[in-house]
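Following: one structure in structure tokens, then a few remarks.
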Amino acid sequence: MATSQFIPDIRIGYLYTYWGPLTFVLTVTIFREAVDDIRRHRRDKEVNSQKYRRLVRGRDTSELVPSSKLRVGDLVIVEKDQRVPADLVLLRTTERSGACFVRTDQLDGETDWKLRLAVPATQKLDSDMQLFDIKASLYVEKPQRDIHSFIGTFTRHDGYGSEDSLDVENTLWANCVVASGSALGVVVYTGSETRSVMNNSQPRSKVGLLDMEINQLTKVLFGAVLGLAMVMMCLKGFSGPWYRYMFRFVLLFSYIIPISLRVNLDMGKAFYSWSIQRDQEIAGTVVRSTTIPEELGRISYLLSDKTGTLTQNEMVFKKLHLGTVSYGTETFDEVSSHLGTAYAQLSKQMSVEGGAGSSGPSPIHVLTVPSNSGSKVRRSEVTRVQEAVKAVALCHNVTPVYEETVPQEGKKEERGQGDESPGSIESQTEADQHYWQPKKETCVYQASSPDEVALVKWTEEVGLALVRRDLASMQLRTPEGVTHTYTIMQIFPFTSETKRMGIILKEEHTGEIVFYLKGADVVMSGIVQYNDWLEEECGNMAREGLRTLVVAKKTLTEEQYMDFETRYNAARMSVSDRVARVAAVVESLEREMELLCVTGVEDRLQDRVRPTLELLRNAGIKIWMLTGDKLETATCIAKSSRLVSRTQGLHVFKSVVTRTDAHLELNTFRKKQDCALVISGDSLEVCLQYYQHEFLELACSCPAVVCCRCSPTQKAEVVRLIQRHTGRRTAAVGDGGNDVSMIQAADAGIGIAGREGLQASLAADFSIPQFSHLARLLLVHGRRSYKRSASLSQFVIHRGLIISTMQAVFSSVFYFSSVALYQGFLMVGYATLYTMFPVFSLVLDKDVSGKIALTYPELYKELSKGRSLSFKTFFMWVLISIYQGGVIMYGALVMFEDEFIHIVAISFTSLVLTELIMVALTVRTWHYIMVLAELLSLGLYILSLIVLKDYFDSEFIQTTDFLWKVLVITLVSCLPLYILKFLRKKFSPPSYSKLS
């Protein structure tokens, strides 16, 4: 339309009337998008310029290079707690065995540490620099998405001819964090070929629902322009060059199409983003995508990650239950005193025996309770506590590591190892050794599961510390400072099938062999001797959101153990179904075990997670938790964070593989009412494959859904399915690299900048420092952004419609001439100088204060229905515009006497006044800037009346005639609306006005 103005025949007025606004609109939009892109570019650059150490041939020291400079084949050293920059094959570690622990929570959301092993051929070399002296090649498969598999080979070509096969155990994927020691690896995949990037979906540019709704309305308005021009042409008659007139009419009415709407909305969005970032109550919030702040006001589904988002991923030991007595955080000092008592009795025994001239390394005897004398004897509390704590301190897979390096290997035991114990035959030099050691040594525990570390840390706090551990033995230090050594005979690691781990130990000094077992209450209840409290107590702890482990023991005689060992070794050598046979042999031991205690470990929730989830639930938002973690953990957190309220049941969806299984399970679930659903990733796949629609219908009607063992791509898939199935707006919140796809797929992606690095918060549209800020972000800022944008856009549409109505009335009165009612500057000034400030000041309007919005979260429910901007409200505004435009124009025509210029003056003044009054009527809460904007616009208009001599008859303006005519017309156009608004407020007030 703007280009058509270059043709003299259809030019209406000056060029700038069309080109001015258009150029302005485009400039503002381009500028805003550019700012977003530049910011994103800066953040990427920051991540890419992190420095790593790279080994170079011919130089003794390694050089520091930014991660963007790493190429395939480079040798990179990754230190402890450093993030791995690219996918590596692990060649060497500082541990002599070639082992190295990594944290993968960014990749798959699992909290457990994973063990990774270096390639044996390179681990054997004496130094890192020897890597340049050998001739070897790596073969790796083509890049793919699966993070749990890898195929490769390592071949040496220089005389050794060895070929090692490589699998996941030998890799360090990008985005993992090295948890122990430092590792040296060779880069095999970089950039977009790394596993973590391949699991991220392509970011889409997001368009808000409000923008789409406004586009719909603009299409309707465009139709109206053509329709109106057509009607005018029919009335005028198709004679002469009619198509030229037709086009002129389209141009005249083109003000209906709100071209300035984009600018107003874009500036509005920028303002909302600015006010979100300035809000002190959610300090630290960053808006990365300024295009969609209104989306926050219409969220129906919130999909959250668990690890690091709802929880802090820090385990704390909370409870020890011995059946008759339970110890909590306040009473742990009692546990320490009981332990002290037990081991003091032990020392007495020792000193008695020590006096009797005993031989042997040091006369230590463990306080044993003769188990053969029948365990019917009620043992004293002291011994029971001692047994329980000892079991917790021994039954695990934890290794203590000392951070301070000590000159010799074998001397890493704690200070004062045996010096005080009477009759200790420690050589003097070793006693001296402890003086020369650095006095401060920090002990760090390493294990694949943070739960186990929490247990061992706790036993250290109450006085029984794990001092040393290798493959064959472990040592405990008692409260007396005496070290006890235990030989590890067998160890049965934890697997997700058995849900338990066991260990057989031999006490060095007494020669007693004990089998300790700990595991989930489901499996342990059938293994331990009959008791009446286990199930009930485990239930109570689970309701408090603690992760429970049941600990049991069984004392074995030498013969029993030898018999077991022969059977166990035979089973391990068998060729067919080895796993089942080994399991059967181990199970023969796991019978009638003596129950020692139940432990409760808490995965600390983030600050104020419970009240926040409660608020969001009351606001009508359905919350789904998607996590890569285990089912038990996920259920636990769902309960403790009150994602599932206390009264609701939990339905755990059984593992399904086939179509029939899925069908039966869905039917079982359908019968349950008001019940939260817990489902694993694999079962989810099966259900979605066969019964997608039915499953989603059931799941979406659930109060809460927990999906565990979800891969990153699955999380994103769930988001897309909800969007497709319900058509509602979704928000995803997460903190790790494994949440990026989900955040990008959701309508509003929210990242939490946590300890997990910045990946999620960089990819997100909004970044918040903690989960609890979510409530204010959605209920207050989301609400305001949506409400403000809705009223702003309708007002801008109204502004265009009213002037087009006047043009239509004017044209039809003056024999359907296609002449512009207002010339050049008045038209441009109308949409800019005279009405821009008051209309834009609507972005400061708020219907309720932030406090009320958070106190009554139910107010948020109405927003998701989208009633603030709909075809209903749109047509209301259309009617208002037609009424007001008609009144002003007919009024001006009826009241004008002699000159055309008077019509312009009267109608234009009324129009500007009407607009200002309408803004005043729309405002719900006044702000001083709004008042200023109204006065400024009025002032500017009065000034232009004086300055623009060409447009107004200066003598006529000063007459009283002019004033009363303008006032009458303005009253007629605005008073009825005010009365209607007043009546409506009186008889059907909106819910928010009842509260404020």
Side-chain angles (χ1 to χ4, degrees), residues 50-65 67 69-104 107 113-140 150-190 194-195 399 401-403 405-409 412 444 446 448 470-471:
Q50 281 179 341
K51 296 275 198 289
Y52 288 90
R53 283 170 48 205
R54 177 169 73 179
L55 285 185
V56 194
R57 185 189 291 277
R59 276 172 56 180
D60 295 342
T61 51
S62 49
E63 61 172 4
L64 282 174
V65 289
S67 59
K69 292 273 188 291
L70 293 176
R71 298 282 174 266
V72 174
D74 283 352
L75 297 175
V76 183
I77 299 175
V78 186
E79 303 293 342
K80 178 174 189 254
D81 287 334
Q82 217 181 1
R83 200 167 287 293
V84 179
D87 288 357
L88 313 175
V89 165
L90 185 56
L91 298 180
R92 294 173 61 81
T93 69
T94 42
E95 300 277 325
R96 197 188 277 152
S97 58
C100 163
F101 279 107
V102 291
R103 295 202 298 268
T104 58
L107 211 54
W113 291 11
K114 308 280 188 306
L115 180 68
R116 294 287 181 256
L117 303 169
V119 178
T122 47
Q123 181 66 29
K124 286 197 293 248
L125 300 174
D126 297 333
S127 74
D128 294 346
M129 283 304 158
Q130 285 194 345
L131 285 168
F132 293 118
D133 306 336
I134 63 171
K135 214 179 149 195
S137 63
L138 271 172
Y139 160 79
V140 292
F150 172 73
I151 301 165
T153 54
F154 177 89
T155 322
R156 278 192 71 168
H157 305 299
D158 46 5
Y160 292 94
S162 66
E163 189 171 21
D164 294 323
S165 77
L166 307 177
D167 60 4
V168 172
E169 299 235 297
N170 307 106
T171 60
L172 294 178
W173 296 140
N175 271 332
C176 297
V177 177
V178 175
S180 68
S182 66
L184 190 157
V186 57
V187 179
V188 287
Y189 306 118
T190 55
T194 56
R195 292 288 202 264
T399 318
V401 177
Y402 295 102
E403 296 285 274
T405 47
V406 184
Q408 283 156 281
E409 254 301 303
K412 277 199 185 171
V444 183
Q446 274 180 16
S448 66
D470 49 38
L471 294 173

[atom1]/[X] to [atom2]/[Y] distance, rounded to the nearest 0.5 angstrom?
X      : Y      : atom1 : atom2 : value
Phe132 : Leu75  : CZ    : CG    : 5.0 Å
Leu117 : Glu169 : CG    : CD    : 5.0 Å
Arg96  : Gln123 : CZ    : CD    : 10.5 Å
Asp128 : Ser62  : CG    : OG    : 9.0 Å

Quick one: does [X]'s side chain have a donor or acceptor within less than 3.5 Å of a partner on [Y]'s backbone?
X      : Y      : result
Asp87  : Arg195 : yes
Arg54  : Leu70  : no
Asp74  : Val187 : no
Thr94  : Ser182 : yes
Arg92  : Thr122 : yes
Ser180 : Phe101 : yes
Thr93  : Glu95  : yes

Item to check | CA sep, side-chain torsions, deciding dist, call: Leu131, Leu184, side-chain contact (heavy atoms from CB on, under 4.5 Å) | outcome: CA-CA 11 Å; Leu131 285 168; Leu184 190 157; 3.6 Å; yes
Side chains of [X] and [Y], heavy atoms from C-beta outward: is any pair under 4.5 Å?
X      : Y      : answer
Thr61  : Arg53  : no
Arg116 : Val168 : yes
Asp81  : Arg103 : yes
His157 : Ser137 : yes
Leu88  : Val78  : yes
Tyr52  : Leu64  : no
Val140 : Tyr189 : yes
Asn175 : Arg83  : yes

Of all the heavy-atom pairs spanning [X] and [Y], show the shortest one and how long it is.
X      : Y      : value
Thr190 : Ala86  : CG2-CB, 4.1 Å
Met129 : Asp60  : CE-O, 3.4 Å
Leu166 : Asn170 : CA-OD1, 3.4 Å
Asp158 : Lys135 : OD2-N, 2.9 Å

Item to check | Intermediate values then yes/no, side-chain contact (heavy atoms from CB on, under 4.5 Å), Val102 and Trp173 | outcome: CA-CA 10 Å; Val102 291; Trp173 296 140; over 6 Å; no
